[in-house]
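Here is the naming used below: chain letters follow the sequence lines, and residue numbers restart at 1 for every chain. The analysis underlying the following values was restricted to heavy atoms, covering all of them including side chains, and did not include hydrogens, waters or symmetry mates.
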Amino acid sequence: MHDIRAIRDNPEAFEQALNRRGLHGLTSQILSLDSDRRARISAAENAQAEQNKASKEVGAAKARGDEAEFERLRALVAQTKSDIATMQAEAADLDARLRDLLLGIPNLPLDRVPDGADEDDNVELRRWGNPRAFDFPPKEHFEIAGVRPGMDFETGAKLSGSRFVVLKGGIARIHRALAQFMIDLHIDKHGLEETWTPVLVLEDMMLGTGQLPKFGEDSYLTREGYWLIPTAEVTLTNTVHGDLVDHATLPRRMVAHSQCFRSEAGSAGRDTTGMLRQHQFEKVEMVSITDAESGLAEHDRMTRCAEAVLEALELPYRTIILCTGDMGAGARITHDLEVWLPGQDRYREISSVSYCGDYQARRMNARYRPEGGGKPEFVHTLNGSGLAVGRTLIAVLENGQQADGSVVLPQVLRPYLGGATRLSAEGVLS
RNA sequence: GGAGACGUGGCCGAGUGGUCGAAGGCACACCCCUGCUAAGGGUGCAGACCCGAAAGGGUCUCGAGGGUUCGAAUCCCUUCGUCUCCGCCA
(Lines give C-alpha, C1' and ligand atoms only; values in the text may rest on other atoms or scores of the structure.)
Protein backbone atom coordinates (compact mmCIF):
# COMPACT_ATOMS: atom_id res chain seq x y z
CA MET A 1 0.00 0.00 0.00
CA HIS A 2 1.14 3.50 -0.73
CA ASP A 3 1.70 6.45 1.55
CA ILE A 4 -1.01 8.99 0.75
CA ARG A 5 1.22 11.80 1.96
CA ALA A 6 4.00 10.83 -0.39
CA ILE A 7 1.47 10.91 -3.22
CA ARG A 8 0.21 14.33 -2.13
CA ASP A 9 3.74 15.68 -1.88
CA ASN A 10 4.84 14.49 -5.27
CA PRO A 11 1.89 13.45 -7.45
CA GLU A 12 3.78 13.78 -10.73
CA ALA A 13 6.46 11.31 -9.72
CA PHE A 14 3.82 8.88 -8.49
CA GLU A 15 1.82 9.10 -11.69
CA GLN A 16 4.94 8.65 -13.79
CA ALA A 17 5.94 5.57 -11.85
CA LEU A 18 2.47 4.10 -12.28
CA ASN A 19 2.57 4.88 -15.98
CA ARG A 20 5.58 2.58 -16.19
CA ARG A 21 3.29 -0.13 -14.81
CA GLY A 22 0.77 0.63 -17.54
CA LEU A 23 -1.62 2.44 -15.19
CA HIS A 24 -2.86 5.91 -16.07
CA GLY A 25 -4.93 8.57 -14.38
CA LEU A 26 -5.04 6.96 -10.94
CA THR A 27 -3.20 9.77 -9.22
CA SER A 28 -5.82 12.43 -9.88
CA GLN A 29 -8.51 9.98 -8.75
CA ILE A 30 -6.61 9.42 -5.52
CA LEU A 31 -5.99 13.09 -4.87
CA SER A 32 -9.60 14.06 -5.43
CA LEU A 33 -10.84 11.30 -3.12
CA ASP A 34 -8.27 12.36 -0.59
CA SER A 35 -9.25 16.01 -0.56
CA ASP A 36 -12.94 15.12 -0.25
CA ARG A 37 -12.05 12.80 2.56
CA ARG A 38 -10.01 15.37 4.42
CA ALA A 39 -12.73 18.00 4.10
CA ARG A 40 -15.22 15.56 5.63
CA ILE A 41 -12.89 14.60 8.41
CA SER A 42 -12.29 18.22 9.28
CA ALA A 43 -15.99 19.00 9.36
CA ALA A 44 -16.75 15.98 11.51
CA GLU A 45 -13.90 16.71 13.89
CA ASN A 46 -14.86 20.33 14.37
CA ALA A 47 -18.42 19.32 15.15
CA GLN A 48 -17.14 16.75 17.59
CA ALA A 49 -14.89 19.23 19.30
CA GLU A 50 -17.93 21.40 19.92
CA GLN A 51 -19.91 18.51 21.24
CA ASN A 52 -17.11 17.48 23.54
CA LYS A 53 -16.96 20.98 24.90
CA ALA A 54 -20.71 21.03 25.51
CA SER A 55 -20.53 17.61 27.14
CA LYS A 56 -17.99 18.85 29.61
CA GLU A 57 -20.19 21.80 30.46
CA VAL A 58 -23.06 19.41 31.01
CA GLY A 59 -21.04 17.68 33.66
CA ALA A 60 -20.08 20.97 35.27
CA ALA A 61 -23.69 22.17 35.31
CA LYS A 62 -24.80 18.95 36.89
CA ALA A 63 -22.07 19.16 39.47
CA ARG A 64 -23.09 22.60 40.65
CA GLY A 65 -26.75 21.62 40.59
CA ASP A 66 -27.83 24.00 37.81
CA GLU A 67 -30.70 21.87 36.52
CA ALA A 68 -31.96 24.36 33.94
CA GLU A 69 -28.54 24.75 32.32
CA PHE A 70 -28.04 21.02 32.52
CA GLU A 71 -31.23 20.31 30.62
CA ARG A 72 -30.51 22.98 28.01
CA LEU A 73 -27.05 21.64 27.23
CA ARG A 74 -28.29 18.10 27.23
CA ALA A 75 -30.81 18.91 24.55
CA LEU A 76 -28.18 20.74 22.53
CA VAL A 77 -25.83 17.79 22.60
CA ALA A 78 -28.57 15.37 21.65
CA GLN A 79 -29.49 17.55 18.70
CA THR A 80 -26.02 17.78 17.18
CA LYS A 81 -25.41 14.10 17.69
CA SER A 82 -27.11 12.87 14.56
CA ASP A 83 -25.43 15.53 12.42
CA ILE A 84 -22.07 14.32 13.61
CA ALA A 85 -22.97 10.71 12.93
CA THR A 86 -23.81 11.61 9.34
CA MET A 87 -20.57 13.49 8.79
CA GLN A 88 -18.59 10.68 10.35
CA ALA A 89 -20.24 8.10 8.18
CA GLU A 90 -19.41 10.11 5.07
CA ALA A 91 -15.81 10.54 6.19
CA ALA A 92 -15.48 6.83 6.94
CA ASP A 93 -16.95 5.93 3.58
CA LEU A 94 -14.50 8.16 1.73
CA ASP A 95 -11.66 6.84 3.83
CA ALA A 96 -12.59 3.24 3.02
CA ARG A 97 -12.86 4.03 -0.67
CA LEU A 98 -9.43 5.63 -0.65
CA ARG A 99 -7.98 2.68 1.20
CA ASP A 100 -9.51 0.20 -1.21
CA LEU A 101 -8.14 2.16 -4.13
CA LEU A 102 -4.67 2.31 -2.61
CA LEU A 103 -4.72 -1.39 -1.68
CA GLY A 104 -5.31 -2.29 -5.30
CA ILE A 105 -2.43 -0.25 -6.69
CA PRO A 106 0.82 -2.11 -7.31
CA ASN A 107 4.17 -1.08 -5.92
CA LEU A 108 6.34 1.41 -7.78
CA PRO A 109 9.24 0.03 -9.80
CA LEU A 110 12.73 1.25 -8.95
CA ASP A 111 14.48 3.36 -11.57
CA ARG A 112 16.80 0.55 -12.53
CA VAL A 113 13.90 -1.75 -13.47
CA PRO A 114 13.58 -1.90 -17.26
CA ASP A 115 10.36 -0.76 -18.87
CA GLY A 116 8.45 -3.36 -20.78
CA ALA A 117 5.14 -5.03 -21.44
CA ASP A 118 5.82 -8.70 -20.77
CA GLU A 119 8.49 -11.33 -20.29
CA ASP A 120 10.06 -10.55 -23.66
CA ASP A 121 11.30 -7.27 -22.22
CA ASN A 122 13.09 -8.77 -19.23
CA VAL A 123 16.81 -8.13 -19.13
CA GLU A 124 19.42 -10.80 -18.53
CA LEU A 125 21.95 -9.95 -15.84
CA ARG A 126 24.24 -12.96 -15.98
CA ARG A 127 24.56 -16.63 -16.84
CA TRP A 128 26.21 -19.44 -14.94
CA GLY A 129 27.24 -22.83 -16.28
CA ASN A 130 27.12 -24.22 -19.77
CA PRO A 131 24.20 -26.32 -20.95
CA ARG A 132 25.45 -29.82 -21.49
CA ALA A 133 25.99 -31.05 -25.04
CA PHE A 134 23.83 -34.13 -25.62
CA ASP A 135 24.67 -36.80 -28.14
CA PHE A 136 21.00 -37.83 -28.15
CA PRO A 137 17.78 -35.79 -28.13
CA PRO A 138 17.22 -34.89 -24.45
CA LYS A 139 13.80 -35.77 -23.13
CA GLU A 140 11.44 -33.84 -20.93
CA HIS A 141 11.47 -35.05 -17.34
CA PHE A 142 8.28 -37.09 -17.55
CA GLU A 143 9.55 -38.93 -20.64
CA ILE A 144 12.80 -40.19 -19.12
CA ALA A 145 12.71 -43.95 -18.59
CA GLY A 146 14.13 -43.86 -15.07
CA VAL A 147 11.63 -41.21 -14.04
CA ARG A 148 8.42 -42.75 -15.29
CA PRO A 149 7.94 -45.42 -12.61
CA GLY A 150 8.23 -42.86 -9.84
CA MET A 151 6.20 -39.96 -11.22
CA ASP A 152 2.59 -41.09 -11.34
CA PHE A 153 0.22 -38.53 -12.83
CA GLU A 154 -2.60 -41.05 -13.31
CA THR A 155 -2.86 -41.77 -9.61
CA GLY A 156 -2.46 -38.08 -8.84
CA ALA A 157 -5.41 -37.33 -11.09
CA LYS A 158 -7.45 -40.14 -9.57
CA LEU A 159 -6.90 -38.78 -6.09
CA SER A 160 -7.21 -35.07 -6.75
CA GLY A 161 -7.77 -34.29 -10.43
CA SER A 162 -5.53 -32.55 -12.89
CA ARG A 163 -2.29 -30.86 -11.86
CA PHE A 164 -1.58 -33.30 -9.04
CA VAL A 165 1.04 -36.00 -8.93
CA VAL A 166 2.07 -38.94 -6.80
CA LEU A 167 5.81 -39.46 -6.38
CA LYS A 168 7.21 -42.89 -5.56
CA GLY A 169 10.45 -44.65 -4.81
CA GLY A 170 13.66 -43.03 -5.93
CA ILE A 171 11.92 -39.95 -7.34
CA ALA A 172 10.14 -39.29 -4.06
CA ARG A 173 13.43 -39.61 -2.24
CA ILE A 174 15.29 -37.25 -4.58
CA HIS A 175 12.48 -34.77 -4.16
CA ARG A 176 12.78 -34.97 -0.40
CA ALA A 177 16.58 -34.85 -0.58
CA LEU A 178 16.48 -31.65 -2.58
CA ALA A 179 14.37 -29.86 0.01
CA GLN A 180 16.59 -31.06 2.85
CA PHE A 181 19.72 -30.04 1.00
CA MET A 182 18.40 -26.55 0.28
CA ILE A 183 17.38 -25.86 3.86
CA ASP A 184 20.69 -27.13 5.20
CA LEU A 185 22.59 -24.94 2.76
CA HIS A 186 20.63 -21.86 3.79
CA ILE A 187 20.93 -22.39 7.50
CA ASP A 188 24.52 -23.66 7.57
CA LYS A 189 26.12 -21.51 4.89
CA HIS A 190 23.84 -18.49 4.53
CA GLY A 191 22.88 -17.90 8.13
CA LEU A 192 19.11 -18.00 7.67
CA GLU A 193 16.92 -19.15 10.52
CA GLU A 194 15.01 -22.35 9.88
CA THR A 195 11.34 -21.71 10.39
CA TRP A 196 8.28 -23.91 10.21
CA THR A 197 4.91 -22.28 9.72
CA PRO A 198 1.22 -23.08 9.24
CA VAL A 199 -0.09 -23.40 5.70
CA LEU A 200 -3.58 -22.25 6.70
CA VAL A 201 -3.80 -18.55 7.51
CA LEU A 202 -6.29 -15.86 8.47
CA GLU A 203 -7.56 -13.54 5.78
CA ASP A 204 -5.69 -10.56 7.19
CA MET A 205 -2.37 -12.25 6.47
CA MET A 206 -3.27 -12.62 2.80
CA LEU A 207 -4.08 -8.91 2.75
CA GLY A 208 -0.79 -8.15 4.44
CA THR A 209 1.42 -9.65 1.76
CA GLY A 210 -0.85 -8.55 -1.08
CA GLN A 211 -2.53 -11.76 -2.25
CA LEU A 212 -5.80 -10.06 -1.35
CA PRO A 213 -7.93 -8.21 -2.24
CA LYS A 214 -7.06 -8.47 -5.93
CA PHE A 215 -5.75 -11.99 -6.40
CA GLY A 216 -8.08 -14.07 -4.27
CA GLU A 217 -9.04 -16.36 -7.12
CA ASP A 218 -5.45 -17.59 -7.31
CA SER A 219 -5.65 -19.18 -3.86
CA TYR A 220 -7.79 -21.71 -2.04
CA LEU A 221 -10.21 -20.70 0.69
CA THR A 222 -11.51 -23.23 3.20
CA ARG A 223 -15.06 -23.48 4.46
CA GLU A 224 -13.93 -22.13 7.82
CA GLY A 225 -12.41 -19.01 6.25
CA TYR A 226 -8.79 -20.08 6.33
CA TRP A 227 -6.70 -19.49 3.23
CA LEU A 228 -4.14 -22.01 2.02
CA ILE A 229 -0.86 -20.21 1.50
CA PRO A 230 0.35 -19.99 -2.11
CA THR A 231 3.87 -19.53 -0.70
CA ALA A 232 5.52 -19.39 2.71
CA GLU A 233 6.23 -15.75 1.91
CA VAL A 234 2.78 -15.18 3.40
CA THR A 235 3.53 -16.73 6.78
CA LEU A 236 7.18 -15.74 7.08
CA THR A 237 6.56 -12.11 6.17
CA ASN A 238 3.50 -11.85 8.40
CA THR A 239 5.47 -13.03 11.42
CA VAL A 240 5.93 -9.29 12.05
CA HIS A 241 2.32 -8.41 11.24
CA GLY A 242 1.16 -5.58 13.49
CA ASP A 243 4.41 -5.54 15.42
CA LEU A 244 6.74 -2.77 16.43
CA VAL A 245 9.97 -4.72 16.36
CA ASP A 246 13.24 -3.93 18.03
CA HIS A 247 15.70 -2.56 15.49
CA ALA A 248 18.44 -4.70 17.00
CA THR A 249 16.62 -7.82 15.75
CA LEU A 250 16.95 -6.69 12.12
CA PRO A 251 17.66 -8.05 9.65
CA ARG A 252 15.58 -11.14 10.28
CA ARG A 253 16.50 -13.79 7.75
CA MET A 254 14.21 -16.78 7.64
CA VAL A 255 13.86 -19.89 5.53
CA ALA A 256 11.00 -22.34 5.45
CA HIS A 257 10.17 -25.47 3.54
CA SER A 258 6.45 -25.62 2.95
CA GLN A 259 3.65 -26.94 0.87
CA CYS A 260 2.23 -24.30 -1.45
CA PHE A 261 -1.25 -24.24 -2.95
CA ARG A 262 -2.28 -22.41 -6.08
CA SER A 263 -5.49 -22.64 -8.04
CA GLU A 264 -3.63 -21.67 -11.25
CA ALA A 265 -6.76 -19.90 -12.40
CA GLY A 266 -5.81 -18.17 -15.60
CA SER A 267 -3.11 -20.59 -16.61
CA ALA A 268 -5.44 -23.25 -18.02
CA GLY A 269 -3.71 -25.13 -20.79
CA ARG A 270 -0.21 -23.97 -19.84
CA ASP A 271 2.36 -26.55 -18.83
CA THR A 272 -0.28 -29.25 -18.54
CA THR A 273 2.08 -32.18 -18.89
CA GLY A 274 4.70 -32.98 -16.29
CA MET A 275 5.00 -31.49 -12.84
CA LEU A 276 6.13 -28.01 -13.78
CA ARG A 277 2.85 -26.41 -12.72
CA GLN A 278 0.92 -28.13 -9.95
CA HIS A 279 -1.88 -27.09 -7.62
CA GLN A 280 0.18 -28.32 -4.69
CA PHE A 281 3.95 -28.13 -4.61
CA GLU A 282 6.84 -27.66 -2.25
CA LYS A 283 9.04 -24.66 -2.02
CA VAL A 284 11.95 -23.56 0.13
CA GLU A 285 11.25 -19.90 0.74
CA MET A 286 13.49 -17.16 2.06
CA VAL A 287 12.18 -14.00 3.67
CA SER A 288 14.12 -11.07 5.10
CA ILE A 289 12.78 -8.29 7.27
CA THR A 290 15.13 -5.31 7.17
CA ASP A 291 15.24 -1.60 7.85
CA ALA A 292 14.87 1.00 5.13
CA GLU A 293 18.60 1.40 4.59
CA SER A 294 19.66 -2.17 4.00
CA GLY A 295 16.77 -3.46 1.89
CA LEU A 296 18.45 -3.22 -1.48
CA ALA A 297 21.72 -4.78 -0.38
CA GLU A 298 19.66 -7.58 1.12
CA HIS A 299 18.07 -8.15 -2.26
CA ASP A 300 21.42 -8.92 -3.84
CA ARG A 301 22.38 -11.09 -0.92
CA MET A 302 19.18 -13.10 -1.21
CA THR A 303 19.63 -13.50 -4.95
CA ARG A 304 23.06 -14.93 -4.26
CA CYS A 305 21.58 -17.37 -1.75
CA ALA A 306 19.25 -18.72 -4.41
CA GLU A 307 21.97 -18.84 -7.06
CA ALA A 308 24.18 -20.80 -4.69
CA VAL A 309 21.64 -23.63 -4.64
CA LEU A 310 21.70 -23.99 -8.40
CA GLU A 311 25.47 -23.81 -8.50
CA ALA A 312 25.81 -26.49 -5.84
CA LEU A 313 23.49 -28.69 -7.88
CA GLU A 314 25.54 -27.96 -11.01
CA LEU A 315 22.49 -26.66 -12.87
CA PRO A 316 23.10 -24.01 -15.56
CA TYR A 317 20.96 -20.94 -15.05
CA ARG A 318 20.61 -17.31 -15.90
CA THR A 319 19.59 -14.42 -13.71
CA ILE A 320 17.25 -11.86 -15.17
CA ILE A 321 15.70 -8.67 -13.94
CA LEU A 322 11.98 -8.50 -14.59
CA CYS A 323 10.61 -5.58 -16.58
CA THR A 324 7.83 -3.38 -15.24
CA GLY A 325 5.13 -5.37 -17.04
CA ASP A 326 6.22 -8.78 -15.80
CA MET A 327 6.88 -7.90 -12.17
CA GLY A 328 4.48 -8.91 -9.40
CA ALA A 329 2.29 -6.28 -7.77
CA GLY A 330 4.13 -6.12 -4.45
CA ALA A 331 7.64 -5.78 -5.81
CA ARG A 332 9.83 -2.78 -6.49
CA ILE A 333 12.39 -4.96 -8.21
CA THR A 334 12.50 -8.68 -8.96
CA HIS A 335 15.30 -11.01 -9.99
CA ASP A 336 14.21 -14.27 -11.55
CA LEU A 337 16.49 -17.27 -11.76
CA GLU A 338 15.83 -19.43 -14.77
CA VAL A 339 17.26 -22.92 -14.89
CA TRP A 340 18.23 -24.65 -18.09
CA LEU A 341 15.81 -27.43 -19.05
CA PRO A 342 17.35 -29.41 -21.90
CA GLY A 343 14.09 -31.29 -22.52
CA GLN A 344 12.36 -27.99 -23.26
CA ASP A 345 15.52 -26.51 -24.79
CA ARG A 346 15.07 -23.30 -22.80
CA TYR A 347 15.45 -21.58 -19.47
CA ARG A 348 12.48 -21.79 -17.09
CA GLU A 349 11.74 -19.86 -13.91
CA ILE A 350 12.85 -21.66 -10.77
CA SER A 351 13.20 -18.76 -8.34
CA SER A 352 11.89 -15.26 -7.97
CA VAL A 353 13.54 -12.84 -5.56
CA SER A 354 11.69 -9.62 -4.81
CA TYR A 355 12.33 -6.48 -2.85
CA CYS A 356 9.06 -4.97 -1.66
CA GLY A 357 10.26 -1.86 0.17
CA ASP A 358 7.64 -0.83 2.74
CA TYR A 359 4.69 -1.87 0.56
CA GLN A 360 3.82 -5.01 2.50
CA ALA A 361 4.84 -3.42 5.80
CA ARG A 362 2.23 -0.70 5.41
CA ARG A 363 -0.45 -3.30 4.80
CA MET A 364 0.70 -5.30 7.80
CA ASN A 365 1.49 -2.26 9.94
CA ALA A 366 4.90 -3.72 10.72
CA ARG A 367 7.37 -1.18 12.04
CA TYR A 368 10.60 -0.72 13.94
CA ARG A 369 11.86 2.08 16.13
CA PRO A 370 15.00 3.62 14.60
CA GLU A 371 18.20 3.47 16.60
CA GLY A 372 18.44 6.34 19.06
CA GLY A 373 14.67 6.66 19.25
CA GLY A 374 12.33 8.63 17.06
CA LYS A 375 9.18 7.82 15.15
CA PRO A 376 8.56 4.22 14.20
CA GLU A 377 9.32 3.41 10.59
CA PHE A 378 7.95 0.67 8.40
CA VAL A 379 10.15 -2.35 7.94
CA HIS A 380 11.23 -3.38 4.48
CA THR A 381 10.46 -6.89 3.28
CA LEU A 382 12.02 -9.27 0.79
CA ASN A 383 11.14 -12.73 -0.36
CA GLY A 384 12.68 -15.25 -2.66
CA SER A 385 12.44 -18.90 -3.56
CA GLY A 386 15.44 -20.89 -2.68
CA LEU A 387 14.22 -22.89 -4.60
CA ALA A 388 10.96 -24.32 -5.92
CA VAL A 389 11.51 -27.98 -5.06
CA GLY A 390 9.41 -29.60 -7.79
CA ARG A 391 11.00 -27.52 -10.51
CA THR A 392 14.44 -28.25 -9.13
CA LEU A 393 13.61 -31.95 -9.32
CA ILE A 394 12.71 -31.50 -12.97
CA ALA A 395 15.94 -29.64 -13.65
CA VAL A 396 18.07 -32.28 -11.92
CA LEU A 397 16.39 -35.07 -13.88
CA GLU A 398 16.55 -33.41 -17.27
CA ASN A 399 20.11 -32.18 -16.93
CA GLY A 400 21.40 -35.48 -15.59
CA GLN A 401 19.64 -37.77 -18.01
CA GLN A 402 21.65 -40.35 -19.97
CA ALA A 403 21.05 -42.02 -23.33
CA ASP A 404 19.99 -45.25 -21.62
CA GLY A 405 17.22 -43.57 -19.62
CA SER A 406 19.13 -43.41 -16.36
CA VAL A 407 19.98 -40.18 -14.53
CA VAL A 408 23.28 -39.06 -13.00
CA LEU A 409 22.57 -37.12 -9.82
CA PRO A 410 24.42 -34.12 -8.31
CA GLN A 411 27.20 -35.06 -5.89
CA VAL A 412 25.89 -32.81 -3.13
CA LEU A 413 22.73 -34.91 -2.84
CA ARG A 414 24.65 -38.06 -2.10
CA PRO A 415 24.48 -37.79 1.71
CA TYR A 416 20.73 -37.35 1.43
CA LEU A 417 20.28 -40.36 -0.86
CA GLY A 418 21.95 -43.04 1.19
CA GLY A 419 25.09 -42.66 -0.91
CA ALA A 420 23.34 -43.04 -4.27
CA THR A 421 24.61 -41.08 -7.27
CA ARG A 422 22.38 -42.46 -10.01
CA LEU A 423 18.79 -43.23 -10.79
CA SER A 424 18.69 -46.32 -12.98
CA ALA A 425 16.57 -46.64 -16.11
CA GLU A 426 14.27 -48.77 -13.97
CA GLY A 427 13.87 -45.95 -11.45
CA VAL A 428 16.06 -47.38 -8.72
CA LEU A 429 18.65 -45.38 -6.79
CA SER A 430 22.15 -46.77 -6.80
C1' G B 1 -17.69 -30.35 20.37
C1' G B 2 -19.03 -28.81 26.02
C1' A B 3 -17.78 -25.23 30.14
C1' G B 4 -15.21 -21.01 31.67
C1' A B 5 -11.72 -16.94 31.55
C1' C B 6 -9.02 -13.28 29.14
C1' G B 7 -7.53 -9.31 25.21
C1' U B 8 -4.95 -1.94 28.26
C1' G B 9 0.82 1.93 25.77
C1' G B 10 7.66 -1.11 22.94
C1' C B 11 7.06 -5.00 27.09
C1' C B 12 4.83 -6.19 31.99
C1' G B 13 0.77 -4.49 34.62
C1' A B 14 -3.08 -1.24 37.62
C1' G B 15 -7.62 0.73 36.57
C1' U B 16 -15.13 -1.27 36.93
C1' G B 17 -19.47 5.00 34.45
C1' G B 18 -17.12 11.58 34.46
C1' U B 19 -11.51 14.50 37.32
C1' C B 20 -8.25 8.32 32.46
C1' G B 21 -4.84 8.52 26.84
C1' A B 22 -4.63 5.79 31.26
C1' A B 23 -0.94 4.57 37.99
C1' G B 24 3.42 1.75 38.70
C1' G B 25 7.47 -1.16 36.84
C1' C B 26 10.80 -2.53 32.80
C1' A B 27 13.05 -0.96 28.32
C1' C B 28 14.78 3.36 25.70
C1' A B 29 16.87 8.73 25.21
C1' C B 30 19.25 12.89 27.54
C1' C B 31 21.37 15.03 32.05
C1' C B 32 23.59 14.71 37.06
C1' C B 33 26.22 11.94 40.69
C1' U B 34 29.52 8.09 41.34
C1' G B 35 33.49 5.57 39.83
C1' C B 36 34.24 0.29 37.30
C1' U B 37 32.83 -5.55 35.27
C1' A B 38 27.71 -2.37 39.34
C1' A B 39 24.40 1.20 41.49
C1' G B 40 21.73 5.98 42.54
C1' G B 41 19.02 10.65 41.21
C1' G B 42 16.42 13.90 37.58
C1' U B 43 13.81 14.75 32.96
C1' G B 44 11.48 12.88 28.70
C1' C B 45 9.01 8.92 26.24
C1' A B 46 1.89 5.62 22.85
C1' G B 47 0.04 5.64 17.91
C1' A B 48 -2.90 7.26 13.80
C1' C B 49 -5.44 11.14 11.53
C1' C B 50 -7.11 16.52 10.59
C1' C B 51 -5.92 21.98 10.61
C1' G B 52 -1.36 25.02 10.65
C1' A B 53 4.68 27.86 7.48
C1' A B 54 5.72 26.95 12.48
C1' A B 55 4.52 27.30 17.42
C1' G B 56 0.51 24.99 18.50
C1' G B 57 -4.58 23.28 18.29
C1' G B 58 -8.21 19.41 17.38
C1' U B 59 -10.24 14.27 16.56
C1' C B 60 -9.90 9.12 17.29
C1' U B 61 -7.80 4.73 19.50
C1' C B 62 -7.65 0.43 26.06
C1' G B 63 -8.42 -6.59 20.14
C1' A B 64 -12.39 -5.19 16.24
C1' G B 65 -17.52 -3.67 15.14
C1' G B 66 -22.19 -2.08 17.05
C1' G B 67 -25.37 -0.43 21.25
C1' U B 68 -26.92 1.99 26.14
C1' U B 69 -25.68 7.00 28.27
C1' C B 70 -25.32 14.00 28.51
C1' G B 71 -20.63 11.05 29.32
C1' A B 72 -17.70 4.20 28.31
C1' A B 73 -11.14 1.12 29.09
C1' U B 74 -15.22 0.45 32.69
C1' C B 75 -22.28 -1.66 31.21
C1' C B 76 -24.80 -4.68 26.94
C1' C B 77 -24.56 -7.33 22.07
C1' U B 78 -21.77 -9.34 17.98
C1' U B 79 -17.18 -10.86 16.19
C1' C B 80 -11.90 -12.14 15.89
C1' G B 81 -7.93 -13.92 18.68
C1' U B 82 -5.73 -16.21 23.12
C1' C B 83 -5.74 -19.34 27.41
C1' U B 84 -7.69 -23.19 31.00
C1' C B 85 -10.58 -27.62 32.08
C1' C B 86 -13.46 -31.67 29.91
C1' G B 87 -14.36 -34.63 25.42
C1' C B 88 -12.22 -36.40 20.85
C1' C B 89 -7.74 -37.17 18.35
C1' A B 90 -2.33 -37.21 14.87
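- A 4.5 Å side-chain heavy-atom check between A:Ile229 and A:Ser258 finds at least one atom pair inside the cut-off.
- In A:Arg99, the CZ atom is not crowded: 12 or fewer heavy atoms of neighbouring residues, nucleotides or ligands sit closer than 6.0 Å.
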Each nucleotide in nucleotides 63-69 of chain B should get exactly one letter: B, S or -. Can you fill that in based on protein heavy atoms under 4.0 Å? -------
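- Near RNA chain B, meaning a heavy atom under 4.0 Å from it, residues 222-235 of chain A has no residue at all.
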Whether each nucleotide of nucleotides 7-13 of chain B has a protein heavy atom under 4.0 Å at its base (B), only at its sugar-phosphate (S) or at neither (-) is summarised, 5' to 3', as ---S---
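- Contact annotation: A:Lys375 side-chain N/O to B:A48 OP1/OP2 distance is under 4.0 Å.
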Review item, nucleotides 56-59 of chain B N/O atoms under 3.5 Å of protein N/O:
from	atom 1	to	atom 2	distance (Å)
B:G58	N2	A:Glu45	OE1	2.9
B:G58	N2	A:Glu45	OE2	3.3
B:U59	OP1	A:Asn52	ND2	3.0
B:U59	O2'	A:Gln48	OE1	3.2

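- Per the geometry, CZ belonging to A:Arg99 stands 15 Å off P belonging to B:A48, to the nearest Å.
- A:Arg422 and A:Ser430 share no side-chain donor-acceptor pair at under 3.5 Å.
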Write down the protein N/O and nucleotide N/O pairs, taken from nucleotides 51-54 of chain B, whose separation is under 3.5 Å; answer none if there are no such pairs.
from	atom 1	to	atom 2	distance (Å)
B:C51	OP1	A:Arg38	NH1	3.1
B:C51	OP2	A:Arg38	NH1	3.4

Measure all distances between protein nitrogen or oxygen atoms and nitrogen or oxygen atoms of nucleotides 77-79 of chain B, and list the pairs falling under 3.5 Å.
none

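- Put simply, A:Arg40 has no side-chain N or O that comes within less than 4.0 Å of OP1 or OP2 on B:C50.
- Figure legend. B:A14 is base-paired to no nucleotide; pairs are counted as Watson-Crick or G-U wobble with both atom distances under 3.5 Å.
- Atom CZ of A:Arg148 has 12 or fewer heavy atoms from other residues, nucleotides or ligands within 6.0 Å.
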